[in-house]
Amino acid sequence: MTATRTAPLDPARIRRARRNLLRWYDAHKRDLPWRHSRDPYAIWVSEVMLQQTRVETVRERWPAFLARFPDLAALAGASEQEVLKAWEGLGYYRRARFLHRAAQTLVEGGAACLPADREALRALPGFGAYTAAAVASIAFGQPAAVVDGNVYRVLTRYLDDDGDITTAAVKRRIEDTAQALLAPRRAGDWNQAVMELGATLCTPRRPRCEACPLRRDCAGLAAGEPTRLPCKPARKATPHHDIAAGLVWRDGRLLIARRKADGLLGGLWEFPGGKRRQGESLEAARRREVQEETGLVVEQAEPCVSIDHAYSHFRITLHLFHCTAGPGEPQAVACEDPRFIGVDELADYPFPRANRRALDLLQAGGGAPDLGGGAVHGD
DNA sequence: AATGCGTGGGC
DNA sequence: TGCCCAAGCAT
């Protein structure tokens, strides 16, 4: 059923939705830490952290980030590496860099706080349509409707709109509906209520329609199969790569290098390595990649651990090799800032998850001075 | 408009 | 296990 045959959003239906959903929200909303804050900066951090990230993860990480960077000035005054370290493990690291850059932009412009206006927020790095509306409404009470994945699911079902949600026409329909429904005097609560409904009752697979405050007016439920919505195109298969990297030791210290700021895992540190080419052995790939990135010719490698890891759009197996550096200083050929660091310094650097997991396995398998040495096989 | 960008949990 | 999904953004 398409939206064209959906019952129009008449004023009575809108009033009913607002009243019923807000009443339900007041009674059933989860006790989330950021809901106790009225600080626009803290709310902003929570919204950025929540982008494509589970509430249960943010529940733990948001207080720690706020303790580390309590206000706009603290964040703006930090180094990018410090911010990335606080973001380690959260993924989508570009978010952290944009958060930092936006804070610096604001402070340099003499601002003591975030702007309250949706359009002004939208102009800052890392503020898309969603985050601008979320901060404007939740922190400043502005009547700006949010549209996130929850809202798409709740409203396509509410309207029984079976259009492809990646198309502009459906996006516009959902945005317009979200804005029409928004309770203007409780904009922040309303937005959170729709998202809360999507997160707890109107879930992708097994919605609890019997408990839904919108069930009376839900066209998707009336049509019988709300779980078929929202409609989205099938995902393409994700490729797999083998990555070979070196744990390159010199005098009890380990070689690490920083990834370039843009792209995958931008700004994080890693052990030099890269993709194995077709027909190439893992050890040959390890040797080639270490040389290409740092200029160091490193022989005599011994395989020590392999880690399977899934990124958003491909999967890898990370194969690590213990090896010993010969003479010569590493150069920033195809990496940034290569350096040997002590094992006790590893905790100071932001590493991608796969690297961190490899270190954990090695430490569990052996210990100092060479993080185990022998072969440890993770999965 | 289509892609690239992390990670962890659920089934 | 493999796939989907989660309070998106930038290019």
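Each chain gets a letter, A, B and so on, in the order the sequences are listed, and its residues count up from 1.
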Distance, rounded to the nearest Å, where [X] contributes [atom1] and [N] contributes [atom2]:
| X | N | atom1 | atom2 | result |
| --- | --- | --- | --- | --- |
| A:Trp62 | C:dA7 | CH2 | P | 19 Å |
| A:Lys171 | C:dG8 | NZ | P | 13 Å |
| A:Gln52 | C:dA6 | CD | P | 8 Å |
| A:Arg94 | C:dA10 | CZ | C1' | 5 Å |
| A:Leu50 | B:dG6 | CG | C1' | 15 Å |
| A:Glu270 | B:dG6 | CD | C1' | 14 Å |
| A:Arg59 | C:dA6 | CZ | P | 18 Å |
| A:Arg235 | C:dC5 | CZ | P | 7 Å |

A:Arg259 charged N/C atom sitting above A:Tyr93 aromatic ring, 6.0 Å / 45°: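 No cation-pi geometry.
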Just compare [options] and give me whichever is closest to any side-chain atom of [X].
| X | options | result |
| --- | --- | --- |
| A:Glu196 | C:dG8, B:dG4, C:dA7 | C:dA7 |
| A:Ser312 | C:dA7, B:dC5, B:dT7 | B:dC5 |
| A:Arg30 | C:dA7, B:dC5, C:dA10 | C:dA7 |
| A:Met195 | C:dC5, C:dA7, B:dT3 | C:dA7 |
| A:Ala199 | B:dT7, C:dC4, C:dA7 | C:dA7 |

A:Trp44 and A:Phe127 aromatic ring geometry - parallel, tilted or perpendicular at 30°/60° bounds: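 Correct class here is parallel.
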Salt-bridge criterion met for A:Arg59 and A:Glu56 (N-O under 4.0 Å):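 Between A:Glu56 and A:Arg59 there is a salt bridge, with a charged N closer than 4.0 Å to a carboxylate O.
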Check ion pair A:Arg287-A:Glu292 (N to O, under 4.0 angstrom):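 Looking at A:Arg287 and A:Glu292, the cut-off is not met.
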P spacing across the pair B:dT3 / C:dC4, given as an integer number of angstrom: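 The answer is 16 Å between these two P atoms.
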Interatomic distance at C1', B:dC11 relative to C:dA7, whole Å: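 It works out to 23 Å between them.
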Return the polar atom pairs (N/O with N/O) between nucleotides 8-11 of chain B and the protein under 3.5 Å, or none.
| unit_1 | atom_1 | unit_2 | atom_2 | d |
| --- | --- | --- | --- | --- |
| B:dG8 | OP1 | A:Arg353 | NE | 2.2 |
| B:dG8 | OP1 | A:Arg353 | NH2 | 2.8 |
| B:dG8 | OP2 | A:Arg353 | NE | 3.3 |
| B:dG8 | N2 | A:Arg54 | NH1 | 2.8 |

Qualifying residue, where the test is side chain to side chain contact (heavy atoms under 4.5 Å, CB included) with A:Val194 and the options are A:Val146, A:Val151, A:Leu181: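 The single option meeting the side chain to side chain contact (heavy atoms under 4.5 Å, CB included) with A:Val194 is A:Val151.
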Below 4.0 Å: OP1/OP2 of B:dA2 and any side-chain N or O of A:Lys236: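 No.
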N or O in side chain of A:His313 less than 4.0 angstrom from B:dC5 OP1/OP2: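 Indeed, a polar side-chain atom of A:His313 lies that close.
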Under 3.5 Å side-chain donor-acceptor pair for A:Tyr349 and A:Arg356: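 There is no such pair (donor and acceptor under 3.5 Å, judged by atom type) between the side chains of A:Tyr349 and A:Arg356.
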First encountered from the 5' end of DNA chain C, between A:Phe98 and A:Ser46: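 Final value for this comparison: A:Ser46.
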A:Pro125 or A:Arg35, whichever maps to the more 5' nucleotide of DNA chain C: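 Result: A:Arg35.
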Determine the contact category for [X]: base if any of its heavy atoms lies under 4.0 Å from a base atom, sugar-phosphate if only primed atoms, P, OP1 or OP2 are that close, otherwise nothing.
| X | value |
| --- | --- |
| A:Leu32 | base |
| A:Trp87 | nothing |
| A:Arg101 | nothing |
| A:Leu90 | base |
| A:Arg153 | sugar-phosphate |

From CA spacing to verdict: ring-ring contact (aromatic ring centres under 6.0 Å, His included), A:Phe314, A:His240: CA-CA 6 Å; A:Phe314 62 94; A:His240 176 273; 9.3 Å; no
Any N/O donor-acceptor pair, A:Tyr130 side-chain to C:dG8 base, under 3.5 Å: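 Between C:dG8 and A:Tyr130, which were checked side chain against base, a qualifying N/O pair under 3.5 Å is absent.
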Neighbour count >12 (heavy atoms, 6.0 Å) for atom CD, A:Glu336: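 Result for CD/A:Glu336: enclosed.
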Comparing A:Ala168 and A:Tyr311 on DNA chain B - which has the more 5′ nearest nucleotide: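 First, find each residue's nearest nucleotide; the 5'-ward one identifies A:Ala168.
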Verdict with reasoning, A:Thr53 to A:Arg95, per side chain to side chain donor-acceptor pair (under 3.5 Å): CA-CA 11 Å; A:Thr53 304; A:Arg95 292 182 294 174; 3.0 Å; yes
